[in-house]
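Basis for what follows: all heavy atoms, side chains included, without hydrogens, waters or symmetry-related copies. Worth saying up front: this structure is predicted, and the values here are computed from it rather than measured.
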Amino acid sequence: MSASEMNSLGENGFHIASSKFCRLFRIWLAGILIALISSSAFAHSDFSVFWKEFSSAVISGDKAAMAEVTEFPLSMPYLVKAVKNKSEFAQRYNEIFNGEANAAQCFRNAEPRKESGRYEIYCPFKETPNDKENAPIRFIFELTKSGWKFAGLDNVNE
């Protein structure tokens, strides 16, 4: 490197290049942190917030909102094929939420139970909606990397 090139970089050319790199690195790191914080802010990490939104979507019949917070494949009761994706979820909506139980009716007053790091809602059969002693239809919710998700439906009697 010639003397004139050295002078154009300043007395310590390496230091100038190094400090520019540090500034760019800090900006990049700040951007990554903001992106991570923003994406996790939209994730439902608090089950009570998730439950309020999910149960409201079920009660109002908002299939799109429910599909967004459903883990696919959605586990189904014994001998029932899992729900593979959002399209199949929309097609099988009545089977899931108005099959053996009337989820919209049940979710109005349901109290989530915490079981082994997940939450469960137990609903009675559609034909006996007030039979709280016999509520075998279980809706299962699990915490995923992107927040709480509806993960399964089960009939504990089967």
Side-chain angles (χ1 to χ4, degrees), residues 18 20-158:
S18 167
K20 283 182 181 180
F21 174 78
C22 286
R23 267 192 305 250
L24 288 173
F25 179 76
R26 286 183 191 141
I27 292 169
W28 175 81
L29 185 59
I32 295 295
L33 290 174
I34 289 169
L36 288 172
I37 291 168
S38 296
S39 66
S40 66
F42 292 111
H44 293 92
S45 59
D46 179 357
F47 184 79
S48 62
V49 172
F50 167 82
W51 174 244
K52 183 177 179 184
E53 292 176 12
F54 187 82
S55 61
S56 293
V58 171
I59 292 165
S60 68
D62 187 345
K63 297 176 189 177
M66 287 181 272
E68 285 301 316
V69 291
T70 297
E71 182 74 11
F72 295 105
L74 177 66
S75 174
M76 294 293 284
Y78 180 66
L79 296 178
V80 178
K81 191 174 170 184
V83 178
K84 295 179 207 166
N85 53 43
K86 290 179 184 179
S87 174
E88 194 174 312
F89 180 87
Q91 293 170 349
R92 295 175 64 189
Y93 174 82
N94 283 333
E95 174 189 354
I96 299 165
F97 295 100
N98 202 22
E100 292 185 292
N102 180 336
Q105 184 179 20
C106 174
F107 284 19
R108 281 186 176 89
N109 300 313
E111 290 296 326
R113 296 182 196 174
K114 189 165 187 173
E115 300 284 337
S116 303
R118 66 185 191 185
Y119 282 89
E120 299 174 344
I121 301 295
Y122 289 85
C123 295
F125 288 112
K126 189 167 34 178
E127 295 79 24
T128 56
N130 297 320
D131 186 0
K132 304 299 181 199
E133 297 299 316
N134 184 25
I137 310 305
R138 177 175 57 179
F139 292 83
I140 303 163
F141 304 91
E142 296 178 348
L143 185 58
T144 69
K145 291 178 184 177
S146 59
W148 285 99
K149 299 278 186 164
F150 172 40
L153 174 65
D154 192 21
N155 181 335
V156 298
N157 287 344
E158 295 178 342

Visitor: Are Phe47 and Trp148 close enough that their ring centers fall under 6.0 Å?
Guide: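 For Phe47 and Trp148, the ring centres are under 6.0 Å apart.
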Visitor: Please enumerate all residues that pass ring pair (Phe, Tyr, Trp, His ring centres under 6.0 Å) together with Phe125, with sequence neighbours excluded.
Guide: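 For Phe125, no residue satisfies ring pair (Phe, Tyr, Trp, His ring centres under 6.0 Å) once neighbours in sequence are set aside.
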Visitor: Does any pair with a residue in residues 128-158 pass disulfide bond (SG atoms under 2.5 Å apart), and if so which ones, sequence neighbours excluded?
Guide: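 For residues 128-158: none.
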Visitor: Tell me the salt bridge (Lys or Arg N to Asp or Glu O under 4.0 Å) pairs involving residues 146-158, sequence neighbours left out?
Guide: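 Qualifying pairs, neighbours excluded: Arg138-Asp154.
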Visitor: Please, which pairs that meet salt bridge (Lys or Arg N to Asp or Glu O under 4.0 Å) have at least one residue in residues 88-102, sequence neighbours excluded?
Guide: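 Sorted pair list: Glu88-Arg92, Arg92-Glu95.
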Visitor: I need the full list of disulfide bond (SG atoms under 2.5 Å apart) pairs touching residues 50-94, with sequence neighbours left out, sorted by first then second residue.
Guide: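 For residues 50-94: none.
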Visitor: Got a sec, which residues hit side chain to side chain donor-acceptor pair (under 3.5 Å) with Ser56, two or more places apart in sequence or on another chain?
Guide: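 Applying side chain to side chain donor-acceptor pair (under 3.5 Å) to Ser56 gives none.
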Visitor: Can you name the side chain to side chain donor-acceptor pair (under 3.5 Å) partners of Ser48, sequence neighbours left out?
Guide: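 Ser48 satisfies side chain to side chain donor-acceptor pair (under 3.5 Å) with Asp46 only.
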Visitor: At what distance, to the nearest 0.5 angstrom, does CD1 of Ile59 lie from CZ of Phe54?
Guide: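 These two atoms lie 10.5 Å from each other.
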Visitor: Show the atom names and distances, to 0.1 Å, of all donor-acceptor pairs under 3.5 Å that link a side chain in residues 65-78 to residues at least two apart or in another chain.
Guide:
{"residue": "Glu68", "atom": "OE1", "partner": "Lys86", "partner atom": "NZ", "Å": "3.4"}
{"residue": "Glu68", "atom": "OE2", "partner": "Lys86", "partner atom": "NZ", "Å": "2.6"}
{"residue": "Thr70", "atom": "OG1", "partner": "Met66", "partner atom": "O", "Å": "2.6"}

Visitor: Does Ser116 have any side chain to side chain contact (heavy atoms under 4.5 Å, CB included) partners at least two apart in sequence or in another chain, and if so, which?
Guide: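 With sequence neighbours excluded, Ser116 shows a side chain to side chain contact (heavy atoms under 4.5 Å, CB included) to no residue whatsoever.
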Visitor: Run the side chain to side chain donor-acceptor pair (under 3.5 Å) test against Tyr119 and tell me which residues pass, sequence neighbours left out.
Guide: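 Tyr119: no side chain to side chain donor-acceptor pair (under 3.5 Å) contacts found.
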Visitor: Using 0.5 Å steps for rounding, measure from the CD1 atom of Ile121 to the CD1 atom of Ile137.
Guide: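 Result: 13.5 Å between the selected atoms.
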Visitor: Could you list the residues that satisfy side chain to side chain contact (heavy atoms under 4.5 Å, CB included) with Lys63, not counting sequence neighbours?
Guide: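 Scan of Lys63 (side chain to side chain contact (heavy atoms under 4.5 Å, CB included), adjacent residues dropped) gives Tyr93.
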Visitor: In a table with atom names and distances, give each donor-acceptor pair under 3.5 Å that connects a side chain of residues 106-115 to protein atoms at least two apart or in another chain.
Guide:
{"residue": "Arg108", "atom": "NH1", "partner": "Ala104", "partner atom": "O", "Å": "3.2"}

Visitor: Are any non-hydrogen side-chain atoms of Ile96 and Phe150 less than 4.5 angstrom apart?
Guide: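 They are in side-chain contact.
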